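Lettering follows sequence order; numbering is per chain, from 1. Small disclaimer: the values here were computed from a predicted structure and weren't measured.
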Amino acid sequence: MKASQFSISTIKETPSDAEIVSHQLLIKGGFIKKLASGIYSWMPMGLRVLRKIEQIVRDEMDRSGAQELLMPVSQPGELWEESGRWQLYDEGLLLKFKDRHDRDFCFGPTHEEVITDIARTELRSHKQLPVNYYQIQTKFRDETRPRFGVLRAREFIMKDAYSFHNSLDCLQSTFEQMHATYTQILTRMQLEFRAVDADSGSIGGSGSIEFHVLADSGEDLIAFSADGSYAANIELAEALAPEANDTPMKALTKVETPNQKTISAVVSFLDVPVETTIKTLIVEGSQTPLVALVLRGDHTLNTLKAEKLPEVRQPLTLAAEADIQSTIGCAPGSIGPAGLNNCPIVVDRSAGVLYNFVCGANEDGFHFTNVNWHRDTPDIVIADIRNVVSGDPSPNGNGALDIRKGIEVGHIFQLGNKYSAPMKATVLDAEGKAQTMVMGCYGIGVSRLVGAAIEQNHDDKGIVWPASIAPFQVVVIPINAHKSPNVERVSLELYEQLEAAGIEVLLDDREQLRPGVKFAEAELIGYPHRIVVGDRTLANNEVEYTERRTLEGANWPISEVTTRLLSALGKAQ
RNA sequence: CGGGGCGUAGCGCAGUCUGGUAGCGCACCACACUGGGGGUGUGGUGGUCGUAGGUUCAAAUCCUGCCGUCCCGACCA
């Protein structure tokens, strides 16, 4: 491709509405263009990247034996009534509309309903199973708050696959195969990632695994052991109970703590280690109006774990201050388990092994010190309700946990019969009886991967694309070709040679631009390899090579450019 | 959905407090110079100041409604 015939529209200024680096660089580099909040056009340069990722995904899905199909973007509301999700998603997410006959429709945020409808008519016999259908297609979700450019867009491109089985064992084997396929996809994209145990959320089903690209801007926290044998979303990672060390109990003391309403305030006011303090959160209960959740002062509540407690009402809701006042008799900030008799108390494992700790005295402006469980408190329930922190022991016993941020780019689920049962998707089994199919579903955010790849691969000059997904693998920049026929001839010959060798190369033949502009732009756009052709080195029959990632250069003999690039790109000649 | 910020040329912004000829930088067009790190000069193009209404002799500026957009939170297969 010649730059003179290809739209490149970079801008120097950082767009004011782009917060994170991938969004800024995609806009600055002219890869995408915003049409509305969370809705973007893919410009020619950006589309090349998107297509690269799609092709890797398609390739590996096909290799796994899955079959590609394409389902409609618009879906009849009736189908969603059948699965029960029309009402469930009544507020937000589902963008609904009506056709001219006043019939309900929605833009597909996902395609379980449509694929299950296809499966129940296409699949009749257990002999046809298992089958795994996939598509790469535009989805629309009316996110309450689109943000981060293509990382949380409303309209986005996703690969979604749905498998059908006649047994859980069969589902399990496809699930494992998809695990391997996703691993292969992300490996080919040259991204650093982790597959982690995850909550299956509102899509339902049992086991699920998320794939996260590691990046500091990630919205999720993932915990994993150093040896890689354990990895889970922090939502799910189990906090083990520490060993209790038997300490002699001291006498309970009530101390005045005027206006000390936060843990950090109490810690500095009383000059005690934060690990010896307790905080108490009051939430709405399922069997009682209120429930107390107790954590060590330096720990945070894991809402997902708390929500699963039988005592707690779903969804987890912090109690209103007025209810706390009337039931407990003090404001939040002075609550504590000691003497708290009018609601159940659930204590985190780590808090439950403390001796002589500090907590609120259930009276504004007072705390207790040297509190001890049982002696000073009513009956308690011990549970795992906190988020793990870095350094916690790994739940599988292998070393300590490390915590990193990740961008969720893939999620695979074992759905079971959540959709097939209500939608009556059955096949006849060997005995000729109707049997509800078991389903799995597997998603990869294709457009999100574009952003995730940049979050993980950039520097202060711009994007550093992994070669496998770069819009072009090589850029050839002639210097002052309009003045030097030699430069023009060599750069054109190199360009043709590289193309012939199957390398995707962009020849920056735009005459009106000065070299500095081309260099800066090349670094912004992030071509992995750069060849500069100028009279300076041409005298020695050489050109200048620069690797984008290291920005280190070297002079290469013209005759060896193709061979060296092929080997840098890992291609056999 | 709660809290906050911002809407002025394609992009980034000033002007709004204190009402009175709509500005700057980048980009774009023309010409000249320049030609190895977003170069220089000269001359230009481009704006119903988000929108609807109100106050006023007069509104980008004051008042009210609406819309859009971004941030924090809630939410998120």
Exercise for the section: Please check if any side-chain donor atom of A:Asp160 sits under 3.5 Å from a side-chain acceptor atom of A:Gln135, or the reverse. Expected result: yes

Problem - Donor on one side chain, acceptor on other, A:His111 and A:Lys139, under 3.5 Å - result: yes

Handout entry: N/O donor-acceptor pair, side chain A:Arg530 with base B:G37, under 3.5 angstrom
Key = yes

Exercise for the section: State whether the distance check finds a donor on one side and an acceptor on the other, under 3.5 Å, for side chain A:Arg145 versus base B:C76. Expected result: no

Pick the [atom1] atom in [N] and in [M], then give their distance to the nearest Å.
N: B:G4; M: B:C11; atom1: C1'; result: 25 Å
N: B:G5; M: B:G10; atom1: P; result: 27 Å
N: B:G44; M: B:C63; atom1: C1'; result: 40 Å
N: B:A58; M: B:G19; atom1: P; result: 15 Å
N: B:G43; M: B:G7; atom1: C1'; result: 32 Å
N: B:U16; M: B:G50; atom1: C1'; result: 16 Å
N: B:A30; M: B:U45; atom1: P; result: 14 Å
N: B:U8; M: B:U69; atom1: P; result: 14 Å

Counting heavy atoms from C-beta on, name the nucleotide in [options] closest to the side chain of [X].
X: A:Arg514; options: B:G39, B:U69, B:G12; result: B:G39
X: A:Lys12; options: B:G35, B:G36, B:G38; result: B:G38
X: A:Ala36; options: B:C11, B:U69, B:G37; result: B:U69
X: A:Asp17; options: B:C76, B:U69, B:A74; result: B:U69
X: A:His482; options: B:G38, B:G35, B:C11; result: B:G35
X: A:Arg147; options: B:G12, B:G73, B:G37; result: B:G73

Exercise for the section: Please figure out whether A:Pro109 or A:Lys461 has its closest RNA chain B nucleotide nearer the 5' end. Expected result: A:Lys461

Practice task
Hey, which sits more toward the 5' end of RNA chain B by its nearest nucleotide, A:Met158 or A:Glu511?
Solution key: A:Glu511

For [N], give the paired nucleotide (Watson-Crick: N1-N3 plus N6-O4 or O6-N4; G-U: N1-O2 and O6-N3; both under 3.5 Å), or none.
N: B:C13; value: B:G23
N: B:G50; value: B:C66
N: B:C28; value: B:G44
N: B:C33; value: B:G39
N: B:G2; value: B:C72
N: B:U18; value: none

Exercise for the section: Would you sort out whether A:Gln325 and A:Glu321 count as a side-chain hydrogen bond (donor to acceptor under 3.5 Å, both in side chains), showing the intermediate values? Expected result: CA-CA 6 Å; A:Gln325 279 287 0; A:Glu321 189 160 344; 4.8 Å; no

Euclidean distance, atom [atom1] of residue [X] to atom [atom2] of [N] [Å, nearest integer]:
X: A:Met43; N: B:G10; atom1: CE; atom2: P; answer: 16 Å
X: A:Glu13; N: B:A14; atom1: CD; atom2: P; answer: 13 Å
X: A:Ile11; N: B:C28; atom1: CD1; atom2: P; answer: 12 Å
X: A:Arg152; N: B:A74; atom1: CZ; atom2: C1'; answer: 13 Å
X: A:Ile27; N: B:A27; atom1: CD1; atom2: C1'; answer: 16 Å
X: A:Gln512; N: B:G35; atom1: CD; atom2: C1'; answer: 13 Å
X: A:Asn480; N: B:G36; atom1: CG; atom2: P; answer: 6 Å
X: A:Glu143; N: B:C70; atom1: CD; atom2: C1'; answer: 16 Å

May I ask you to evaluate whether [X] reaches the phosphate of [N], defined as a side-chain N or O under 4.0 Å from OP1 or OP2?
X: A:Ser16; N: B:C13; result: yes
X: A:Lys34; N: B:U69; result: no
X: A:Thr10; N: B:G38; result: no
X: A:Thr144; N: B:C1; result: no

Completion exercise
What one should report as the nearest heavy-atom pair of A:Phe31 and A:Leu25 is CD1-O, 4.0 Å

Handout entry: Non-hydrogen side-chain atoms of A:Tyr419 and A:Met439 separated by less than 4.5 Å
Key = yes

Handout entry: Side-chain touch A:Ile558/A:Glu493, heavy atoms, less than 4.5 angstrom
Key = no

Heavy atoms only, 4.0 Å cut-off, all strands: where does [X] land among base, sugar-phosphate and nothing?
X: A:Phe156; answer: base
X: A:Glu408; answer: nothing
X: A:Lys483; answer: base
X: A:Glu544; answer: base

Problem - Between NE2 on residue A:His411 and CZ on residue A:Phe211, distance to nearest 0.5 Å - result: 9.5 Å

Handout entry: Parallel, tilted or perpendicular, as decided by the 30° and 60° cut-offs, for the rings of A:Phe472 and A:Phe6
Key = perpendicular

Practice task
Take the angle between the ring planes of A:Tyr442 and A:Phe175 and call it parallel below 30°, perpendicular above 60°, tilted in between.
Solution key: tilted

Problem - Syn/anti label of B:U21 as read from its glycosidic torsion, with the cut at 90° from 0 - result: syn

